[in-house]
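In what follows, a structure is listed as C-alpha cells, so that the remarks can point back to it.
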Number of protein chains: 2
Amino acid sequence: MRRDSRLSVALHVLLHMEELGPVVTSEAIGRLMKANPVVVRRTMGGLRDAGIMCSAKGHGGGWSLARKLDSVTLADVYEALGMPALFSIGPRHESPGCLVEQAVNGALGKVLGEAEALLMKQLRSTSVADLARSVQRGAARSAKKGTATHV
Amino acid sequence: MRRDSRLSVALHVLLHMEELGPVVTSEAIGRLMKANPVVVRRTMGGLRDAGIMCSAKGHGGGWSLARKLDSVTLADVYEALGMPALFSIGPRHESPGCLVEQAVNGALGKVLGEAEALLMKQLRSTSVADLARSVQRGAARSAKKGTATHV
DNA sequence: GCCTCATGCCACTATTTATGTTACATGAGT
DNA sequence: ACTCATGTAACATAAATAGTGGCATGAGGC
C-alpha cells in the first residue's frame with residue numbers, strides 16, 4: 001500500500017461517532033471508510049486498549065466512545081495505534097562501522113528528529129474535539145462557497 | 001525494503017568521493033555501501049542529471065564530482081533523487097467527498113506540511129561540505145574516546 | 001581494428017508493510 | 001437455540017525499494 005492511513009482512519013471514525021449514535025458496528029464504519037470491517041477492528045483495537053473507545057460483542061454490540069473527545073489528543077490516537085513510523089526515509093544501516101556513514105546518519109537523524117518533535121508537539125496540542133470544531137467551520141464554509149478540497 | 005535509504009546512500013557516496021580519488025566505479029561504491037552496483041547507478045543517475053556528479057563510460061570511467069561540495073546542499077541531493085516521499089503516513093483518500101474526512105486530511109496535511117517545511121529548511125541550510133566537516137569532528141571525537149554509534 | 005572495461009538500461013525477483021479477505025471461535029442478547 | 005458482532009488467525013493483494021542478470025553502448029589500451 002502506498003501510505004499508512006491508520007491515523008487518518010482512526011480520526012475519521014472518532015469524528016463520526018457522535019453523529020452516528022452511541023454504538024456503531026465495524027461493518028457500518030467500514031462502509032463509511034470504504035474499508036474492510038476486519039481492518040476497522042484491527043485499527044480500532046488499539047484505541048480500545050488505550051481507553052479511547054469501547055467495543056462490545058454480541059447482539060447490539062459495536063464500537064462506542066469511552067470518553068469525551070476533548071480529552072483525547074491527536075497524539076493520544078497516534079500512540080494508541082502503536083506509533084507507526086512517521087518517515088519513509090531513513091538510514092541504510094542502523095549501526096554502521098563507517099565513520100562517514102555514522103556522520104550521515106547523525107545529521108539526517110537530527111533533522112528527522114526535529115521534524116518529528118515538531119509534529120508530535122502539534123499532535124499533542126490538538127484534541128479530537130478541536131478537529132470536530134474545524135469540521136463545523138469547514139462545513140459552514142463549503143455551504144457558502146462550494147466545496148473546496150484541501151491537500 | 002524497510003525504508004528509502006537513497007538520500008543516506010547518496011550523501012555517503014558524496015562524502016567518500018574526495019577520499020577515494022577523482023574517479024570511482026559503481027562497483028567500488030557498491031562495495032563501500034554494501035549495495036549492488038546497478039542500484040548505485042540508479043541512485044546516482046539523479047545526481048548526474050542534476051549536475052552534482054559526472055559519469056564516464058569505458059575504460060577508466062566511473063563517477064566523479066561535478067562541482068565543489070560546498071555548493072551542494074542536502075536539499076539539492078534530495079531533489080536530485082526525485083524528492084522521494086518523506087512521510088510514511090498520510091490520508092486514506094486524496095479527495096474525499098466526506099466533509100469530515102476533508103477536515104481530517106486538512107488538519108493532518110497542515111501538520112505534516114509544517115514538519116516537511118522545517119525539514120526542507122534544514123536540508124537547504126546544510127551543505128554537503130558542512131557534513132564533511134562534521135565527519136572530521138566525529139572522527140576526532142571517536143579517536144579520543146572510542147567509537148560512539150549515533151542514531 | 002579488436003578487446004576490455006564501465007556505464008545505461010531493461011526485465012525480473014526478493015523483501016517488507018499495509019490492506020483486503022475468508023474462516024472460525026467467543027460471547028452477548030433475544 | 002439462534003443471531004449478531006467482535007477477536008483473531010491465516011492467507012492474498014498491492015506498492016515501493018532493493019537485488020540481480022543480461023545486453024547494448026561507448027571509451028581506451030593493445
Side-chain angles (χ1 to χ4, degrees), chain A residues 1-10 12-13 20-49 53-64 66 78 81-94, chain B residues 1-10 12-13 20-49 53-64 66 78 81-94:
Chain A
M1 296 293 107
R2 194 171 268 108
R3 291 189 285 187
D4 185 342
S5 62
R6 281 175 291 182
L7 180 57
S8 167
V9 168
H12 190 178
V13 171
L20 290 177
V23 176
V24 191
T25 67
S26 302
E27 203 260 332
I29 294 175
R31 267 198 308 271
L32 257 184
M33 304 291 138
K34 298 184 175 63
N36 192 287
V38 177
V39 175
V40 171
R41 282 196 277 270
R42 268 205 295 248
T43 302
M44 310 298 291
L47 302 201
R48 177 192 57 232
D49 298 343
M53 298 199 76
C54 295
S55 67
K57 286 182 172 183
H59 204 109
W63 297 90
S64 52
Y78 171 68
L81 294 171
M83 300 183 62
L86 290 175
F87 299 104
S88 53
I89 69 177
R92 178 168 175 81
H93 307 113
E94 285 307 324
Chain B
M1 298 295 107
R2 195 172 264 108
R3 291 191 286 186
D4 185 342
S5 63
R6 282 175 292 180
L7 181 58
S8 167
V9 167
H12 190 178
V13 171
L20 290 176
V23 176
V24 192
T25 67
S26 302
E27 204 259 333
I29 293 175
R31 266 198 308 272
L32 257 183
M33 304 292 138
K34 298 184 176 62
N36 192 286
V38 178
V39 176
V40 172
R41 282 197 274 271
R42 268 205 294 247
T43 302
M44 311 298 290
L47 302 201
R48 178 192 56 233
D49 299 342
M53 299 200 78
C54 295
S55 68
K57 286 183 172 183
H59 205 109
W63 297 89
S64 53
Y78 171 67
L81 294 171
M83 300 183 63
L86 290 175
F87 299 103
S88 52
I89 69 176
R92 179 167 174 82
H93 306 113
E94 285 306 326

Task: B:Ser5 side-chain proximity, nearest of D:dG19, D:dA18, C:dT19 - done: D:dA18
Task: Whole-Å distance separating the CG atom of A:Leu81 from the C1' atom of C:dT17 - done: 15 Å
TODO: Just call it for A:Arg6: base, sugar-phosphate, or nothing, with non-hydrogen atoms closer than 4.0 Å on any strand.
DONE: sugar-phosphate
Open item on the list: What's the closest nucleotide to the side chain of A:Asp4 if the choices are C:dT21, C:dT19, D:dA18?
Closed with: C:dT19
Open item on the list: Please report the distance, rounded to the nearest Å, between CD in A:Glu27 and P in D:dG7.
Closed with: 16 Å
Open item on the list: So if I take every side-chain heavy atom of A:Thr25 and compare against C:dT21, D:dT6, C:dT7, which nucleotide ends up nearest?
Closed with: D:dT6
TODO: In whole angstrom, give the distance that lies between atom CZ of A:Arg3 and atom P of D:dT17.
DONE: 13 Å
Task: Most 5' of A:Ser55 and A:Arg42 on DNA chain D, judged by nearest nucleotide - done: A:Ser55
Task: Of the listed nucleotides C:dG20, D:dT6, D:dA18, the one nearest the side chain of A:Val39 - done: C:dG20
Open item on the list: Checking side-chain polar atoms at under 3.5 Å, does B:Ser26 have a donor or acceptor matched by the opposite partner on B:Trp63?
Closed with: yes
Task: B:Leu47 CG - C:dT7 C1' separation (whole Å) - done: 15 Å
Open item on the list: Checking contacts here: which listed nucleotide (D:dG28, D:dG19, C:dA28) is nearest the side-chain heavy atoms of A:His59?
Closed with: C:dA28
Open item on the list: So B:Gly61, base contact, sugar-phosphate only, or nothing? Heavy-atom distance under 4.0 Å.
Closed with: sugar-phosphate
Open item on the list: What's the closest nucleotide to the side chain of B:Ser26 if the choices are C:dT7, C:dT19, C:dG8?
Closed with: C:dT7
Open item on the list: Which heavy atom of A:Gly90 sits nearest to which heavy atom of B:Ser8, and what is that distance?
Closed with: O-CB, 3.8 Å
Task: Distance in angstrom units between B:Asp49 CG and C:dG8 P, rounded - done: 9 Å
TODO: For the pair B:Arg3 (side chain) and A:Phe87 (backbone), establish whether a donor and an acceptor sit closer than 3.5 Å, ignoring hydrogens and angles.
DONE: no
Task: Nucleotide nearest A:Trp63 when distance is taken to its side chain, options D:dT25, D:dG7, C:dT19 - done: D:dG7
Task: Nearest-nucleotide pick for B:Lys57, side chain only, options being D:dG19, D:dG26, D:dA5 - done: D:dG26
Open item on the list: Please pick, from D:dA18, C:dT22, D:dT3, the nucleotide with the shortest atom-to-atom distance to any side-chain atom of A:Val38.
Closed with: C:dT22
- [ ] Between C:dC9, C:dG20, D:dA18, spot the one nearest the side chain of A:Arg92, thanks.
- [x] D:dA18
TODO: Ignoring backbone atoms, establish whether B:Arg41 has a side-chain N or O less than 4.0 Å from OP1 or OP2 of C:dT7.
DONE: yes
